[in-house]
Amino acid sequence: MTNKENYLVKNKASIKLVFLGWLLTLPFGSNLFLFDIGSESTGFFTLYPSLIFAFLLVIITPWVYKSWGVMEKICVAFLSLWLASSFLYQSPTNITENALFDIRTLIIQLVYIIALINSYHVLKGADFKSTLVMGLRVFLFVLLIFGIFEFSTGIHFESLKTAEMTKLVIGNHFNAPMFLYGNQNNYLVYIIFIFLALTLFDKKIQKNNYLLVLISVIILIFAIYADSNFAKIICQLLIIFFTFYILKEKYLASGLIHSYPYLISIALVLITTLVNPLFFGPKYQDSDQYRLNEISLIEKDSNDHIINVVKAREKLSQQDQAQLIEYLDSVRTKNPSNSTNIRKNLILNGLDYIMAKPIFGLGPGGYEDKMLENKHRYYVNNQLSPHNFPIEIISKYGVFGWSYFFLLILLFIKLFINEEIRKTYLNKYLILLMTALPLLWLMPASYLFLDTHKLLLPFILLFLIDKQDQTKRDKTQNT
């Protein structure tokens, strides 16, 4: 045994402890405690527990690099070149705050993937997976428990969003969880991503479709209160998906003897639906009329003294009501500050930037800086971030943005052409993740800044490596 191998064997327990420490502090990010290094002139780099643990994993495993496979080297080389290229866009003396944020994100992205790859090679398959699964379980547990607390009480960590909420009319969104992530959409991105990542690696949870449905329903309730359409779509797909497998594995496999009571119940529900009148809520029928219920009119006398407060429906004629509804519709759909219009315009501005600089892009922080400089064609109110991950990194980094998605697609292709994976039910969890990702990318203002982005590529890479290693071990045992 060489000195290097002896070092790794002796320090395996310590490395495992550092790896677990990283995973356990990951949900809290810079909110646990932090300190800055740097100066006002050079900019600050914020350090906090999870980032310190990640750096330690890179530093204390210096000899693992030689055992990397081809795909590991390709991924790390790509992220390294991406980071290196980001320093070429702006002079160090003229770098913007948004550019510093982006460069910092690229540094952490590189640190995360090296930390995970090295941890995998030091701890090996089973030990690495058990530690990773434990970390992901704790991550999901923290998000669920605190999410339920926020949902039940309306108590949140203070943020820009809570400051904004003090000026809003009380509604369901006041109880939608945010944890430490600033707003409801970011929280939903985290909890959905960690949940799906756990289904990839955790064999126990893969076998418990009832638990998977329960978690999906809880997240769906959070999404409904947050009024996040993309999150609602993902959760509904998850519920349908896991329910199908419950029926397939528990009832269809046992034959009609055990399934017929459920089939009869479904038939009775359908018959009841057909023979009884239904009330279609505002989502499907007469939604315009419901808006009149929210409007009240104030009657005053000649001296401006309030006489009475009456409902608009009671005071206005049918013709006046129709005109008011038409006006409200025009305000909602034609208002340039409407959220749908803003999101559309953010994408259109991003496409303009991509067309202007398709190869090199605007550089780190370029999209936000263009918004601040008011160098855009389409109105975006006070929004700075693109709210669309593909637009975000392609407009900023050009070829590197495109290459990131090509690399991700390559990893998925290698997974799906792997015969051993095709033979197992793990395939369905890959399909779930692939289906959810495009919707997750549209939810936050800036997906690039979130840890879910920094973890995606290494998680898929490690899942591929683990399956390849497992296939090799199985072949060795069979020979």
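Nothing fancy with the numbering, it's 1 onward along the sequence. Bear in mind that the values here come from a model prediction, so they are computed numbers and not experimental data.
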Could I get the full list of side-chain contact (heavy atoms from CB on, under 4.5 Å) partners for Ile465, not counting sequence neighbours? Glu72, Tyr120, Leu461, Leu462, Asp469
Verify, without hydrogens or angle tests, whether Gln184 (side chain) and His173 (backbone) share a donor-acceptor contact under 3.5 angstrom. yes
Under 3.5 Å: donor-acceptor pair, side chain of Asn349, backbone of Arg377: yes
Heavy atoms of other groups near Trp68 CH2, more than 12 under 6.0 Å: yes
If only atom types and distance count, is the side chain of Gln206 paired as donor or acceptor with the main-chain N or O of Thr199 below 3.5 Å? yes
Are Phe128 and Phe19 close enough that their ring centres sit under 6.0 Å apart? yes
If you look only at pairs with a residue in residues 152-168, which of them pass as a side chain to side chain donor-acceptor pair (under 3.5 Å), with sequence neighbours excluded? Glu150-His156
Under the ring pair (Phe, Tyr, Trp, His ring centres under 6.0 Å) rule, collect the residues that match up with Tyr378, sequence neighbours excluded. none
In terms of heavy-atom contacts, does CZ of Phe101 have more than 12 from other residues, nucleotides or ligands at under 6.0 Å? no
Does the gap between the ring centers of Phe157 and Phe146 come in under 6.0 Å? yes
Kindly compute the distance separating CD1 (Ile192) from SG (Cys235), expressed to the nearest 0.5 Å. 4.5 Å
Applying salt bridge (charged side-chain N to carboxylate O under 4.0 Å, His left out) as the test, list every pair that has at least one member in residues 264-273; sequence neighbours left out. none
Could you pull out every donor-acceptor pair under 3.5 Å between side chains of residues 135-145 and any protein atom, sequence neighbours left out?
{"unit_1": "Arg137", "atom_1": "NE", "unit_2": "Asp202", "atom_2": "OD2", "d": "2.8"}
{"unit_1": "Arg137", "atom_1": "NH2", "unit_2": "Asp202", "atom_2": "OD1", "d": "3.0"}
{"unit_1": "Arg137", "atom_1": "NH2", "unit_2": "Asp202", "atom_2": "OD2", "d": "3.1"}

In terms of heavy-atom contacts, does CG of Leu270 have more than 12 from other residues, nucleotides or ligands at under 6.0 Å? yes
Determine, step by step, whether Phe412 and Leu437 satisfy the side-chain contact (heavy atoms from CB on, under 4.5 Å) criterion, reporting the C-alpha distance in whole Å, the side-chain angles of both residues, the deciding distance to 0.1 Å, and the verdict. CA-CA 12 Å; Phe412 278 117; Leu437 275 177; 4.2 Å; yes
Residues forming a ring pair (Phe, Tyr, Trp, His ring centres under 6.0 Å) with Tyr190, sequence neighbours excluded: Tyr181
Any residue meeting side-chain contact (heavy atoms from CB on, under 4.5 Å) with Leu432, in chain and number order, not counting sequence neighbours: Leu196, Leu238, Phe241, Phe242, Tyr429
Is Met71 close to Leu407 at the side-chain level, that is, under 4.5 Å between some pair of heavy atoms? yes
Could you give me the CA-CA distance, side-chain angles and deciding distance for Leu110 and Leu106, then say whether side-chain contact (heavy atoms from CB on, under 4.5 Å) is met? CA-CA 6 Å; Leu110 181 60; Leu106 296 181; over 6 Å; no
Filter on salt bridge (charged side-chain N to carboxylate O under 4.0 Å, His left out), then keep only pairs touching residues 17-29, sequence neighbours left out; what's left? none
Indicate whether the side chain of Ser446 and that of Glu392 have a donor and an acceptor atom separated by less than 3.5 Å. yes
Non-neighbouring partners of Phe193 that pass ring pair (Phe, Tyr, Trp, His ring centres under 6.0 Å), sequence neighbours left out: none
Asn183 side chain vs Asn185 backbone, donor-acceptor pair below 3.5 Å: yes
Partner residues of Ser130 under the side-chain contact (heavy atoms from CB on, under 4.5 Å) criterion, sequence neighbours left out: Asp127
Could you measure the distance from the CD atom of Gln468 to the CG atom of Leu464? Nearest 0.5 Å is fine. 4.0 Å
Looking at Asn345 and Tyr379, would you say the former's side chain and the latter's main chain have a donor-acceptor pair under 3.5 Å? yes
Suppose we screen for ring pair (Phe, Tyr, Trp, His ring centres under 6.0 Å). Which residues come up paired with Phe389, at least two apart in sequence or across chains? Tyr404, Phe405, Trp441, Tyr447, His453
Contacts of type side-chain hydrogen bond (donor to acceptor under 3.5 Å, both in side chains), residue Asn209, not counting sequence neighbours: Glu249
Using side-chain heavy atoms (C-beta onward) and a distance below 4.5 Å, is Asn388 in contact with Arg343? no
